[in-house]
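Presented below is the structure to which this report refers.
Treat the numbers as computed from the prediction; the structure is a model and nothing was measured.
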Amino acid sequence: MWSHFFFVPLYAVMRYYRYIVLLMAVVLTVGRALAQSVRENVEAVEIADTLLVEETPDTAQVVKDFIDSLAVLRHQLDSVQQVNARLRKESTDGRYYRLFAPTTFYHSGAHKWLSLSPQTGDEVTDAVDEAMMSLYLHRPDLVRENESALKDAGALREDVNKEITPQVELTEIVTPVVAEEAKPQPLALVVQKPNFWKFKGEGYLQFLQNYVSENWHKGGESNYSAQGAATLELNYNDHDKVTFENKLEMKLGLMTSPSDTVNKFKTNNDLLRLTSKLGIQAYNRWYYTLQLLTYTQFARGLKANDKRVYSDFTSPIDVNVGLGMEYKVEALNKRLTGTLNFLPLSFNFRYVARKNLASANGIRGDHHTMEDFASQFTGELKWQMLEQLAWKTRLFAITTYSQSKIEWENQFEFRLTKYISANLFIYPRFDDSNKRDENMGYFQLQEWSSIGLSYTW
């Protein structure tokens with residue numbers, strides 16, 4: 001039974017035996033041919049030397065002999081190549097296993113040697129039998145087992161080289177059934193008009209709390225604040241010539257502090273603004289534009305420990321209508337987008353509901369309104385610097401050529417998650433229609449930061 005342990009690895013070795021036999025045959029054949037060629041060349045040289053001494057050599061005969069030797073060598077190489085081609089076509093053959101298995105005496109080789117009319121098998125079997133008989137005669141000490149013992153142990157298989165043919169049952173040939181031709185069904189063709197309107201929006205609600213103890217070494221006071229904002233957009237674009245954009249911005253921030261004994265709540269951010277633009281494409285990204293800009297605030301504007309009202313809803317409210325050109329910005333792989341609106345001709349209307357606030361808003365006399373012509377510029381850009389970080393900026397400048405106002409809004413939005421974000425808002429402003437401040441002049445500044453909930457749709 002020990003042969004079972006050698007059968008699997010020996011089978012792997014026998015798989016490459018034909019290539020080993022081929023290599024040995026090539027080496028022996030080429031060596032024999034080279035030796036014969038050398039002997040023939042040496043004999044030719046000796047004959048040539050003799051002829052040089054005795055008589056003039058026959059050059060044609062020497063060339064003929066050399067060509068004949070090359071033909072013999074070519075014939076031998078062709079024979080080796082034919083054997084190689086035949087071996088390459090053969091599949092893995094188990095007939096070689098006797099050369100690599102533990103030395104065993106097999107009967108077939110002895111029968112061929114001792115028989116007067118031996119029955120030869122195929123070329124491979126005869127060569128293996130001859131090799132095994134040579135081993136038996138020269139090294140009988142290596143023979144440990146015999147074929148009869150292996151057969152008794154059941155280790156030999158008689159069906160190794162038998163071709164296995166699958167038993168295939170022919171299926172009954174069935175005449176294909178021709179399906180009935182489907183009757184055409186009427187189709188209802190529905191043509192939908194494209195929707196050129198697009199609605200989107202975003203908003204956030206954020207809180208800020210600051211506590212300072214009474215004995216804090218740097219002073220200060222505790223306070224609470226909340227910021228809420230929402231932006232709604234309804235835009236029309238026929239992707240041909242006409243665009244109509246509408247944006248409503250709403251912001252409101254409230255704060256409270258213990259030191260203010262007069263006002264329980266005050267606003268620190270208050271805006272209600274509507275921007276509408278009708279554009280007709282002039283060339284590429286340039287559009288002829290008619291713009292309507294209206295803005296006011298929600299609540300009263302107050303200061304700490306002061307009962308005076310500095311501003312209120314519709315006090316003031318500004319309505320501006322301008323005509324000019326607009327350029328649509330799209331750069332940095334569409335990460336920087338927005339518009340630049342140049343309105344050299346515009347009409348500005350201001351209304352103040354509280355009469356006592358009229359003079360503070362530039363209205364002269366006993367009036368609630370004022371009108372003037374002006375030129376203005378509005379630029380709105382959004383730069384998505386990173387996936388989580390965006391910068392939104394708005395620059396608004398208007399001049400009546402006697403008074404000027406410039407507002408630059410900057411909002412840095414950092415999204416922590418889909419619903420949580422932090423905001424930093426910086427808002428410098430220049431307005432020479434107001435009273436000049438001793439320290440800031442006509443410049444004003446507002447800044448705040450917060451963190452809280454946000455949502456975009």
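Between His111 and His107, the ring planes are tilted. Angles from 30° to 60° get that label.
A donor-acceptor contact closer than 3.5 angstrom links the side chains of Thr393 and Asn410. No side-chain donor from either of Asn423 and Gln227 sits under 3.5 Å from a side-chain acceptor of the other.
Between Thr378 atom OG1 and Ile398 atom CD1 the span is 8.5 Å, to the nearest 0.5 Å. Between the CZ atom of Phe196 and the CG atom of Asn235 there is a distance of 14.5 Å, given to the nearest 0.5 Å. Note: Gln206 CD to Ser454 OG = 7.0 Å, rounded to the nearest 0.5 Å. Interatomic distance, CZ of Phe244 versus CG of Leu278, reported as 6.5 Å (0.5 Å rounding). Taking OG1 from Thr231 and OH from Tyr204, the interatomic distance works out to 7.5 Å, rounded to the nearest 0.5 Å. With rounding to the nearest 0.5 angstrom, the OH atom of Tyr288 is 12.5 Å from the OH atom of Tyr283.
Salt-bridge check for Glu380 with Lys277: failed, with every basic side-chain N at 4.0 Å or more from each acidic carboxylate O.
A donor-acceptor pair under 3.5 Å is formed between the side chain of Gln446 and the backbone N or O of Asn268. Within the 3.5 Å criterion, the main-chain N or O of Leu386 finds a donor-acceptor partner in the side chain of Gln384. Side-chain atoms of Tyr136 come within 3.5 Å of backbone atoms of Thr104 as a donor-acceptor pair (strictly under, hydrogens ignored). Judged by distance alone, with hydrogens and angles left aside, the side-chain atoms of Asn333 form no donor-acceptor pair with the main-chain N or O of Arg335 at under 3.5 Å. Without hydrogens or angle criteria, Glu233 side chain to Lys198 main chain gives no donor-acceptor distance under 3.5 Å. Here the side chain of Asn246 pairs a donor or acceptor atom with the backbone of Leu234 at under 3.5 angstrom.
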Q) After noting the C-alpha distance and the side-chain angles of Thr267 and Leu254, does the key distance pass the side-chain contact (heavy atoms from CB on, under 4.5 Å) rule? A) CA-CA 5 Å; Thr267 59; Leu254 300 176; 3.7 Å; yes
Q: Let me see the working for Arg394 and Glu249 under salt bridge (charged side-chain N to carboxylate O under 4.0 Å, His left out), right down to the final yes or no.
A: CA-CA 12 Å; Arg394 176 182 181 271; Glu249 301 170 85; 5.0 Å; no
Q) Would Arg429 and Glu409 satisfy side-chain contact (heavy atoms from CB on, under 4.5 Å), going step by step from the backbone distance to the final call? A) CA-CA 9 Å; Arg429 187 175 186 272; Glu409 303 175 25; over 6 Å; no
(Q) For a side-chain contact (heavy atoms from CB on, under 4.5 Å) check, start with the C-alpha distance between Glu407 and Lys405, then their side-chain angles and the critical distance, and finish with the verdict. (A) CA-CA 7 Å; Glu407 298 176 344; Lys405 179 171 61 176; 4.0 Å; yes
Q: Please assess Leu248 against Leu272 for the test side-chain contact (heavy atoms from CB on, under 4.5 Å), listing each intermediate value before the final yes or no.
A: CA-CA 8 Å; Leu248 177 62; Leu272 176 60; 4.1 Å; yes
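With Leu424 as reference, Glu447 is the one residue of Glu447, Glu413, Gln411 to meet the side chain to side chain contact (heavy atoms under 4.5 Å, CB included) rule.
Asn341 is not listed as a side-chain neighbour of Thr339, based on a closest heavy-atom distance of 4.5 Å or more. Counting only heavy atoms from C-beta outward, the side chains of Leu416 and Ile451 approach each other to under 4.5 Å. At a threshold of 4.5 Å between non-hydrogen side-chain atoms, the residues Val128 and Tyr106 do not count as touching. Counting heavy atoms from C-beta outward, Lys112 and Asp126 have side chains that approach closer than 4.5 Å.
The two residues Gly109 and Met133 come nearest to each other via the heavy atoms C-SD, 3.6 Å. The heavy-atom pair separating Gln297 from Ala299 by the smallest distance is NE2-O, 2.7 Å. Closest heavy-atom contact between Gly324 and Pro344: CA-CD, 4.0 Å. Nearest heavy atoms, Ile406 versus Ala397: CG1-CB, 4.1 Å. Leu453 and Ile420 make their closest contact through CD2-CG1, 4.4 Å (heavy atoms, listed as atom of the first residue, atom of the second, distance). When all heavy atoms of Phe298 and Leu271 are compared, the closest pair comes out as CE1-O, 3.2 Å.
Under the rule for a ring-ring contact (aromatic ring centres under 6.0 Å, His included), Phe207 has no partner lying at least two apart in sequence or in another chain. Legend: residues meeting ring-ring contact (aromatic ring centres under 6.0 Å, His included) with Phe342, ordered by chain and number and at least two apart, are Phe377.
At most 12 heavy atoms of other shown residues, nucleotides or ligands fall within 6.0 angstrom of atom CD in Glu130. Atom CZ of Phe430 has more than 12 heavy atoms from other residues, nucleotides or ligands within 6.0 Å.
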